[in-house]
Amino acid sequence: MNTLRFVPFAEQHVADVVRIDHACQSKPWSEAAVRLELERPEGVFLVALVDGEVAGFAGAWMVLDEAHVINVAVDPPRQRNRIGERMIAALLQECHKKGATCATLEVRAGNEPAIALYKKFGFRDVARRRGYYIDNKEDAVVMWCDALAEVV
Ligand SMILES: CC(C)(COP(=O)(O)OP(=O)(O)OC[C@H]1O[C@@H](n2cnc3c(N)ncnc32)[C@H](O)[C@@H]1OP(=O)(O)O)[C@@H](O)C(=O)NCCC(=O)NCCS
C-alpha cells in the first residue's frame, strides 16, 4: 500500500461506496440511501483512499454527545491491511472533534472480524437484540465505547 488518506464523503465517491457496500453486506444500502449520507447534517462520513482509489468507507451520526457508527466497510481485496482500523480511528477522532464523548454501534453477532476490530477501540457488548436482522434473523450485538477521549 502506498498512500492512505481519509476524506469526507462526496458525490464522486457514491458509485464506489455502493459497490463496496454491495460486496460486503448481505443487506446493502440502495444508491438512494447512500446519497442521503451526503446531506445528513448530523452525519460524519469518511472515505478511505489508497493511491486515490476508494478502498473503504465509515459513517456515523452524531446524537447529542454520542457517535452512532452506522456503517463501515473495506473493499474485500484490500481487507486485512489495517485500513479498517485506521479508518475507525479517523472516524472516531472526527466525531470526538465534533463533540462526541462516547460511541455506540450494532453489529451482527456472527461478525467476528468487526467485533474484534471494535473491541480494539474499547467497545464492549452491552446488549443483544434477538433476531434483529431480518434477512437471516441473526442477533444484533449492541456495543458501547464509554470514553472516546481515551481511544482517539
Ligand atoms: C470489519 C472490516 C471493516 C475490517 O477491516 P480490515 O481493513 O480488513 O481490518 P484491519 O486490517 O484494519 O484489522 C484490524 C483488526 O480487525 C480485526 N479483524 C479484521 N479482520 C479480521 C478477520 N478476518 N478475523 C478476525 N479479526 C479480524 C482484528 O482485530 C484486526 O486486528 P489484528 O490484525 O491486530 O488482529 C472488514 O472486514 C469489512 O469490511 N467487513 C465487511 C463489512 C462489515 O462487516 N462491516 C462492519 C459492519 S458493523
Side-chain angles (χ1 to χ4, degrees), residues 1-9 13-38 40 42-63 66-96 100 102-148 150-152:
M1 190 197 306
N2 295 322
T3 65
L4 170 64
R5 63 198 177 95
F6 301 101
V7 296
F9 177 43
H13 307 128
V14 167
D16 284 316
V17 167
V18 171
R19 173 181 61 77
I20 293 170
D21 195 48
H22 276 70
C24 287
Q25 313 283 4
S26 54
K27 290 289 287 179
W29 284 347
S30 64
E31 181 177 328
V34 168
R35 283 184 181 282
L36 283 180
E37 300 308 315
L38 287 170
R40 197 180 287 285
E42 74 277 26
V44 180
F45 204 108
L46 300 180
V47 165
L49 298 178
V50 173
D51 298 336
E53 290 183 5
V54 178
F57 63 87
W61 297 344
M62 297 289 295
V63 180
E66 301 168 0
H68 289 229
V69 178
I70 51 153
N71 205 349
V72 177
V74 173
D75 202 5
R78 297 191 188 271
Q79 289 179 4
R80 299 246 69 176
N81 283 305
R82 295 255 174 265
I83 296 172
E85 188 166 333
R86 291 168 68 184
M87 195 162 63
I88 292 288
L91 180 73
L92 295 179
Q93 275 163 15
E94 199 56 34
C95 291
H96 186 244
C102 57
T104 183
L105 55 86
E106 64 202 16
V107 54
R108 288 177 188 264
N111 191 345
E112 288 171 15
I115 290 171
L117 171 60
Y118 299 137
K119 283 186 174 168
K120 290 185 98 169
F121 287 90
F123 284 85
R124 58 190 174 80
D125 304 6
V126 294
R128 191 169 269 251
R129 297 194 174 108
R130 304 265 169 215
Y132 179 78
Y133 293 97
I134 51 176
D135 56 333
N136 64 352
K137 301 272 186 286
E138 190 170 358
D139 292 353
V141 175
V142 179
M143 303 184 84
W144 272 88
C145 168
D146 293 308
L148 216 44
E150 290 172 15
V151 297
V152 296

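Read the numbers this way: they start at 1 and go in the same order the structure lists the ligands and their atoms.
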When you look at CZ of R19, are more than 12 heavy atoms from neighbouring residues, nucleotides or ligands closer to it than 6.0 Å?
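Enclosed.
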
For Y132, I'd like to know if atom OH has over 12 heavy atoms of other residues, nucleotides or ligands within 6.0 Å.
no

Just by modelled atom types, is the [Y] backbone N or O under 3.5 Å from a matching donor or acceptor in the [X] side chain?
| X | Y | answer |
| --- | --- | --- |
| N81 | R78 | yes |
| Q79 | V74 | yes |
| H96 | L92 | no |

How far is [atom] from its nearest protein heavy atom, and which residue and atom name does that atom have?
| atom | value |
| --- | --- |
| atom 8 (O) of ligand 1 | R80 N, 2.7 Å |
| atom 34 (O) of ligand 1 | K120 NZ, 2.6 Å |
| atom 14 (C) of ligand 1 | E85 OE1, 3.2 Å |
| atom 48 (S) of ligand 1 | Y118 OH, 3.2 Å |
| atom 7 (O) of ligand 1 | G84 N, 2.8 Å |
| atom 41 (C) of ligand 1 | C24 CB, 3.8 Å |
| atom 45 (N) of ligand 1 | V72 O, 2.7 Å |

Do F57 and D16 have side-chain heavy atoms sitting under 4.5 Å apart?
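No - every pair of side-chain heavy atoms lies 4.5 Å or more apart.
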
Pick from P113, A73, A140: the one approaching atom 17 (C) of ligand 1 most closely through a non-hydrogen atom:
P113

Identify, by atom number and element, the atoms of ligand 1 in contact range of [X], meaning under 4.0 Å from any of its heavy atoms.
| X | result |
| --- | --- |
| Q79 | 8 (O), 36 (C), 37 (O), 38 (C), 39 (O), 40 (N) |
| A116 | 17 (C), 26 (N), 29 (O) |
| N81 | 11 (O) |
| R82 | 10 (P), 11 (O), 12 (O), 13 (O), 14 (C), 31 (O), 32 (P), 33 (O), 34 (O) |
| L117 | 4 (C), 14 (C), 15 (C), 16 (O), 17 (C), 29 (O) |
| N111 | 43 (C), 44 (O), 46 (C) |

Would you verify whether the NZ or CZ of R40 falls within 45 degrees of the ring axis of F45 while also being under 6.0 Å from that six-membered ring's centre?
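Negative - R40 is either too far from the ring of F45 or too far off its axis.
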
Under 3.5 Å, is there a donor-acceptor pair between the E37 and N71 side chains?
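No, no side-chain donor-acceptor contact under 3.5 Å.
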
May I ask you to check whether V74 has an N/O atom sitting below 3.5 Å from an N/O atom of ligand 1?
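Right, the criterion is met.
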
